[in-house]
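Presented below is the structure to which this report refers.
Each chain gets a letter, A, B and so on, in the order its sequence line appears, and its residues count up from 1.
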Number of protein chains: 2
Amino acid sequence: MKRTLHLAVAQMGPIQKNHTRSEVVARLSELMRDAAARGARWITFPELTLTTFFPRWALEDPAEVHAYFEREMPGKETQPLFDLARKLGVGFYLGYAELDGDRQFNTSILVDRGEIIGKYRKIHIPGDAEPQEGYPIQHLEKKYFLVGDLGFPVYEAPEARIGMCICNDRRWPETYRVMGLQSVDVVMVGYNTPIAYGRRGEPAHLPFLHNHLSLQASAYQNTCWVAAAAKAGVEEGIPMIGGSCIVAPTGEIAVQALSEDDEVINYVCDLDMANGYRSNIFNFARHRRPEHYQAIVERVGAEPTSL
Amino acid sequence: MKRTLHLAVAQMGPIQKNHTRSEVVARLSELMRDAAARGARWITFPELTLTTFFPRWALEDPAEVHAYFEREMPGKETQPLFDLARKLGVGFYLGYAELDGDRQFNTSILVDRGEIIGKYRKIHIPGDAEPQEGYPIQHLEKKYFLVGDLGFPVYEAPEARIGMCICNDRRWPETYRVMGLQSVDVVMVGYNTPIAYGRRGEPAHLPFLHNHLSLQASAYQNTCWVAAAAKAGVEEGIPMIGGSCIVAPTGEIAVQALSEDDEVINYVCDLDMANGYRSNIFNFARHRRPEHYQAIVERVGAEPTSL
């Protein structure tokens, strides 16, 4: 009998600045009910799901900044989502801004039927610490978030080994490889990706290609399923890509969201699909040659000098 | 003024067992003349370009095996190709089976206007050392080739920093990352990829997806051009994929071969296209976090245990 896991991804439309946590949690709850009604066992929500994507602004007032962060999880406004998940018997990935003492992280958690079973803090923080001239939009994540300090952990959920990453992490092959080496079955990732950020003058079609290309290649190269959830649509005047999807270990997109709004997609994933690759072409133990990979940990930046 | 480099890829149709080196070199020369006439400066030829893809057979007679290998490069039969390249003022990547004393490698060289300026020996040797039951075709590279001992060097050619890899190497993100960390501008790769090898029962469309997916994601993630040359068509009864292409640092396929035969494709590559990415989203020095990548060199195989 196939070892299957029914995954859902809950893409979200924009969350504007004046939307309250309670309004957002009501939308998340609706999406969770939809996914559960289809039979999904796990639901991936986006990055920084509870508020608008505030790192587009340079905020100086600490009180204004901290209003976007969660001091406890679940908190008063998020407790209903945990309760609903317990009632429905589902698990979920949720991204949020975490305030831990005075440390700020871009965080995701894995919650199984109301209990937190895993946490990840974003490692590849993109953008800048100060506003940059010449960019059509600002992306100030380095102003607000420390580099994650939890590595890339993989958690033993009841049906599968689940790992997490957040947004820009998905473009870095190291992210998935560290999880692939822990035999990850499913990687969940939430993202907020504005159009026209990657490089100055970048053609507008490229962020869509880059999103799927990164997700598909890494699913294939690490023989895992990837469940990717966007916050999409025009948020505070900034258009963001959708393209939420569930990718198979074949590198194929099994299902994708076609809207730029709140939308659930789901797929019954065959967790054994990876086995053929893991025993042959991607049998890491037989084929990997770390003695030739040292530069990956020894060199940080790219240098025009030979090793 | 843009810093451009005119690249060509010379895909080859099948080379059967009874084809002589001289016949093959005549085909390579014809392809080289075609590429040079279009104005190309560098030409990528396939993996194991000089003979049929012999690792599909379990050969036991050392003389029969060694007949597929080159003891010197250039040798008597390959010298005309070097002479032609000097005359035409072009450089090329050539894959061949190398006999170095009694050591056998799957090798490629970088030849600039008749002079060898770089060598690479394939590191990710796929397949098996002995025939395997249950596979529709055999792939016995581990029987014939040692793991390469030269790392992933990047060579300073006059116009660009050029790196090489061979066939299965292109599926492994470590391959390109080690070269990306050396600011590689162009990665050249030759391949022989039979349909229906990756895993038992794999649908026939997947090898085509996996080829482009691996090439495109790695070009994007390492901000380099990739020039990929297939040996295609039905060789000794075994169908192999074509899909030779030149991929941009945007991850886009700039040009691709549509035949399964000898065919030249070419593109004038903007080497500065990478700069926008290298200074922002893929500024490795600012964003990479090797302290969280240790598993990539410390763990060889995948293990269902957390780090």
Side-chain ion pair, B:D169 and A:R289, N-O less than 4.0 Å: no

Counting heavy-atom pairs under 4.5 angstrom with chain A, the leader among B:R171, B:E252, B:H210 is B:H210

Classify the ring geometry between A:W172 and B:F282 as parallel (under 30°), tilted (30 to 60°) or perpendicular (over 60°). perpendicular

Where is the tightest heavy-atom contact between A:A302 and B:G180, given as atom of each residue plus distance? CB-O, 3.4 Å

Is there side-chain contact between A:V300 and B:F284, with heavy atoms separated by less than 4.5 Å? no

First locate atom CG of B:N168, then atom NE2 of A:H287, and finally report the distance between them rounded to the nearest 0.5 Å. 7.0 Å

Which atoms of B:T305 come close to chain A, meaning under 4.5 Å heavy atom to heavy atom: side chain ones, backbone ones, both, or neither? backbone

For B:R299, is it the side chain, the backbone, both or neither that has a heavy atom under 4.5 Å from a heavy atom of chain A? both

Residue pair B:R161 / A:S306, side-chain heavy-atom distance below 4.5 Å: yes

State, with a plain yes or no, whether a side-chain heavy atom of B:I296 is found less than 4.5 Å away from one of A:E174. yes

Taking every heavy atom of B:R286 against every heavy atom of A:G127, the minimum-distance pair comes out as NH2-O, 3.1 Å

Give the ring-plane orientation class for B:H124 versus A:Y293, where under 30° counts as parallel, over 60° as perpendicular and anything between as tilted. parallel

Relative to chain A, which segment of B:I125 carries a heavy atom at a distance below 4.5 Å: side chain, backbone, both, or neither? backbone

Checking heavy atoms, do the side chain of B:H205, its backbone, both or neither come under 4.5 Å from chain A? side chain

Please classify the contact of B:P304 with chain A as side chain, backbone, both or neither, using a heavy-atom distance under 4.5 Å. both

Minimal heavy-atom distance between B:H292 and A:G151, with the atoms involved, is ND1-CA, 3.5 Å

Which of B:N222, B:V154, B:L307, B:D185 touches chain A most, by non-hydrogen pairs under 4.5 Å: B:L307

Could you report the tightest heavy-atom contact between A:L206 and B:T250, atom names first, then the distance? CD1-CG2, 3.8 Å

Can you say whether B:V178 sits under 4.5 Å from chain A via the side chain, the backbone, both, or neither, judging by heavy atoms? both

Can you name the nearest heavy-atom pair linking A:Q294 to B:V297, along with the distance? NE2-CB, 3.9 Å

Check whether any side-chain heavy atom of A:R177 lies under 4.5 Å from a side-chain heavy atom of B:P173, and answer yes or no. yes

